[in-house]
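Down below is the structure, laid out as structure tokens.
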Amino acid sequence: MTEPAFDQVSETASTARRHRVVIIGSGFGGLFAAQEFDGKDVDVTLVAKTGHHLFQPLLYQVATGILSVGEIAPPTRLILRDQENATCVLGDVDKIDVEAKKLHATAGHIGFDLEYDSLIVAAGANQSYFGNDHFERWAPGMKTVDDALELRSRILGCFEQAEVSNDEEERRRLLTFIIVGAGPTGVEMAGQVAELAQITLKNSFRRIDPASARVILLDAAPAVLPPFGNKLGNAARARLEKMGVEIQLNAMVTDVDYHGIEVKDPDGSVRRIDGSCKIWSAGVQASPLGKMLADQTGAEVDRAGRVLVQKDLSLSGHPDIFVVGDMMALDNLPGVAQVAIQGGKYAARQIIAGVEKGQTPDQRKPFKYFDKGSMATVSRFSAVVKVGNFELAGFIAWVMWLVVHLAYLIGFKNRLTALFSWGMHVGGDHRSQLTSTKQWVYARQAIERVQADEAAALRSAMEAASASEPVQGPPEDAGDAPAPSATTARD
């Protein structure tokens, strides 16, 4: 049961005399927006359901043991501790009241309210299973630290189980890794799983050859890395195939279970691929907060749940509410880090201009996105880069990827340790983060069991309470009226 609103948080927000800015989300959009207010005459509260800023583009390297969680997910509170006008609050926002300019969030069993004068919503996106949410149990996505740690344990666990299995068919299933989605995350994940099997784990087992693992990358689309174009997509595909990765395109996943997946081919035929470890990177769905805002403001949402925003990233009729990053839909902008970073900074600047210069919403200049290009690694020494009409694949592209991602990591220490980890990986393929636990593997199923048990207990309690209620008899003044029959009483 959730406790009443936390008075300290609520009171701090409501009694502040300066302009109150609340930012939802600690990703690229939320963090960079918060930092833009440094030294400004406003009070900023950043509320997020996690206490860290996740550098999501490198999450696959946590899942494959190259980087540690701390290197790509530093605590948000420590990042902003020297910004005196910024307050970090851990909480999962479950309600936004647009009229009252207030939101409600929970941190464990504690609920609290935050009031705002301006609101920046940068809650990001979740993995999309296109209406088949039950797939998630068997094919986790790659959106959170929990996902990465779980996948790392699942991947390593498959090799460990294969080592002790005497059933050849089960061993083949355990050594089959299926990545659904041939976008940047899927390509990067497939390349790293292949390298892990063929190089890192070489000579580590006595009964199995890790290099015999089967890595399958499939997608319902007809190409690898569609946003990068045919040239770079084909280059990435050729590199993956050289590493032994099986590429299956125009293959739509129709079912996922413990043993494997079912795939529908263009001719309508359905086939099965048995595989123990399934990884989902096929789509995204914006935070449900987008739909909540749309219902109250009359804004529209697209099929991915993103809110259609105005040219200034605000909601129509609500210039005090900005939606940025993966949650916004504007001019077909992609859901990449640079869009979130630039959008978060832009929204903050509009609020600052309103507070310091009295700028009105109609005086805002439209948001203009500066495309700095897209990058994706395929394997060690190989990446693809697209900047406008400039396209590059191979080693130089990999060096460019390395420099850019190193620059965007938060904190000098994280950059230094990440560089060291990459150097150890490239120089000898040493991966220092290959620890796995049983708890990480089965945490998702354990949570589901707990939820199911709680739901069953609640149903039992309600049924018991209903059964214990006394049956209402005839009124006292009914005199000698006959008692109702058993049939009538049941009816």
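Computed from a predicted model, the values in this text were never measured in an experiment. Sequence positions, counted from 1, serve as the residue numbers for this chain.
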Could you go step by step and tell me if K291 and D295 meet the salt bridge (charged side-chain N to carboxylate O under 4.0 Å, His left out) rule?
CA-CA 6 Å; K291 179 66 164 56; D295 290 342; 2.9 Å; yes
G260 and R272 have their tightest heavy-atom pair at N-NH2, 3.4 Å
| request: I would like to know whether R214 and E246 meet salt bridge (charged side-chain N to carboxylate O under 4.0 Å, His left out); could you show each step before the answer? | output: CA-CA 8 Å; R214 184 185 181 194; E246 298 179 31; 2.7 Å; yes
>> I'd like to know whether E170 forms a salt bridge (charged side-chain N to carboxylate O under 4.0 Å, His left out) with R173, so could you lay out the CA-CA distance, the side-chain angles of the two residues, the decisive distance to 0.1 Å, and finally the verdict.
In response: CA-CA 5 Å; E170 176 64 7; R173 190 185 75 86; 3.0 Å; yes
**Report entry** Whether R77 side chain and C88 backbone form a donor-acceptor pair below 3.5 Å
**Finding:** yes
Begin from the C-alpha positions of K49 and D92 and carry the test salt bridge (charged side-chain N to carboxylate O under 4.0 Å, His left out) through to its verdict. CA-CA 4 Å; K49 59 184 178 181; D92 190 1; 5.1 Å; no
Closest non-hydrogen atoms of D265 and A251, given as atom of the first, atom of the second and distance, are OD1-CB, 4.3 Å
Quiz question: by atom type and distance under 3.5 Å, do the side chains of S314 and D312 form a donor-acceptor pair? yes
ask   = Under 3.5 Å, is there a donor-acceptor pair between the side chain of E71 and the main chain of S68?
value = yes
Is it the case that the side chains of S212 and D209 hold a donor-acceptor pair, with the cut-off being a distance below 3.5 Å and no angle test? no
Here the gap from M292 atom CE to D94 atom CG, rounded to the nearest 0.5 Å, amounts to 7.0 Å
*asked:* Are F159 and F177, when compared by the centres of their aromatic rings, separated by less than 6.0 Å?
replied: yes
Please confirm whether the ring centroid of W401 lies under 6.0 Å from the ring centroid of W422.
yes
Practice task
Count the heavy atoms of every other residue, nucleotide or ligand shown that sit under 6.0 Å from CZ of F420, and state whether that count exceeds 12.
Solution key: no
N414 side chain near I72 side chain, heavy-atom distance below 4.5 Å | no
Rounded to the nearest 0.5 Å, the CD1 atom of I216 sits from the SG atom of C277 at a distance of 11.5 Å
Closest non-hydrogen contact found for A348 with E36 is CB-CB, 3.6 Å
- Stepwise side chain to side chain donor-acceptor pair (under 3.5 Å) test for Q248 and R271: CA-CA 12 Å; Q248 300 184 18; R271 56 190 170 89; 2.8 Å; yes
*So, does H53 use its side chain to make a donor-acceptor pair with the main chain of S26 at under 3.5 Å?*
yes
CD (E160) and OG (S165) are apart, to the nearest 0.5 Å, by 13.0 Å
Apply the test side chain to side chain contact (heavy atoms under 4.5 Å, CB included) to residues R154 and W440: give CA-CA distance (whole Å), side-chain angles for both, the deciding distance (0.1 Å), then the verdict.
-> CA-CA 8 Å; R154 287 194 181 197; W440 284 337; over 6 Å; no
N85 side-chain N/O to F37 backbone N/O, donor-acceptor pair under 3.5 Å = yes
*Side chains of T377 and Y60, donor plus acceptor under 3.5 Å*: yes
Quiz item: Checking Q83 side chain against A34 main chain: does a donor-acceptor pair fall under 3.5 Å?
Solution: yes
Closest non-hydrogen contact found for D302 with A329 is OD2-CB, 3.8 Å
Are V187 and V224 side-chain neighbours, meaning at least one heavy-atom pair lies under 4.5 Å? yes
Side-chain donor/acceptor of E163 to backbone N/O of R207, under 3.5 Å
yes
Discussion item. Side chains of M375 and F228, heavy atoms from C-beta outward: is any pair under 4.5 Å?
Written reply: no
- request: Taking the side chain as every heavy atom from C-beta outward, state whether R237 and L217 have any pair of such atoms under 4.5 Å apart.
  value: no
Would a 4.5 Å heavy-atom cut-off, applied to side chains only, mark V69 and L149 as touching? yes
Query raised in the report: Does K278 reach the main-chain N or O of D257 with its side chain, forming a donor-acceptor pair under 3.5 Å?
Result: yes
d(I24 CD1, L289 CG) to nearest 0.5 Å is 5.5 Å
Inset, instruction - Return yes if some donor-acceptor pair links the side-chain N/O of D267 with the main-chain N/O of S269 below 3.5 Å, else return no. - result: yes
Separation between CH2 (W398) and OG (S382), nearest 0.5 Å, reads 10.5 Å
So OG1 of T297 and CD1 of I96: to nearest 0.5 Å the spacing works out to 10.0 Å
Exercise for the section: Kindly determine whether S379 and R239 satisfy side chain to side chain donor-acceptor pair (under 3.5 Å), including the steps that lead there. Expected result: CA-CA 8 Å; S379 65; R239 175 59 185 157; 2.9 Å; yes
Note: S421 and I66 closest approach over all heavy atoms is CB-O, 3.7 Å
In terms of heavy-atom contacts, A236 and V384 come closest through CB-CG1, 4.5 Å
Does the Y408 side chain pair with the main chain of A337, one donor and one acceptor, at a distance under 3.5 Å? no
(Q) Would you say the rings of F55 and F28 are close, in the sense that their centroids are separated by under 6.0 Å? (A) yes
Q. So, N132 side chain and H134 main chain: donor-acceptor pair closer than 3.5 Å or not?
A. no
So do F135 and V180 actually touch side chain to side chain, heavy atoms under 4.5 Å? no
### Exceeds 12 heavy-atom contacts within 6.0 angstrom, atom CD of Q439
no
### Message
Looking only at side-chain N and O atoms, does R431 offer a donor or acceptor that is under 3.5 Å from a partner on Q192?
### Response
yes
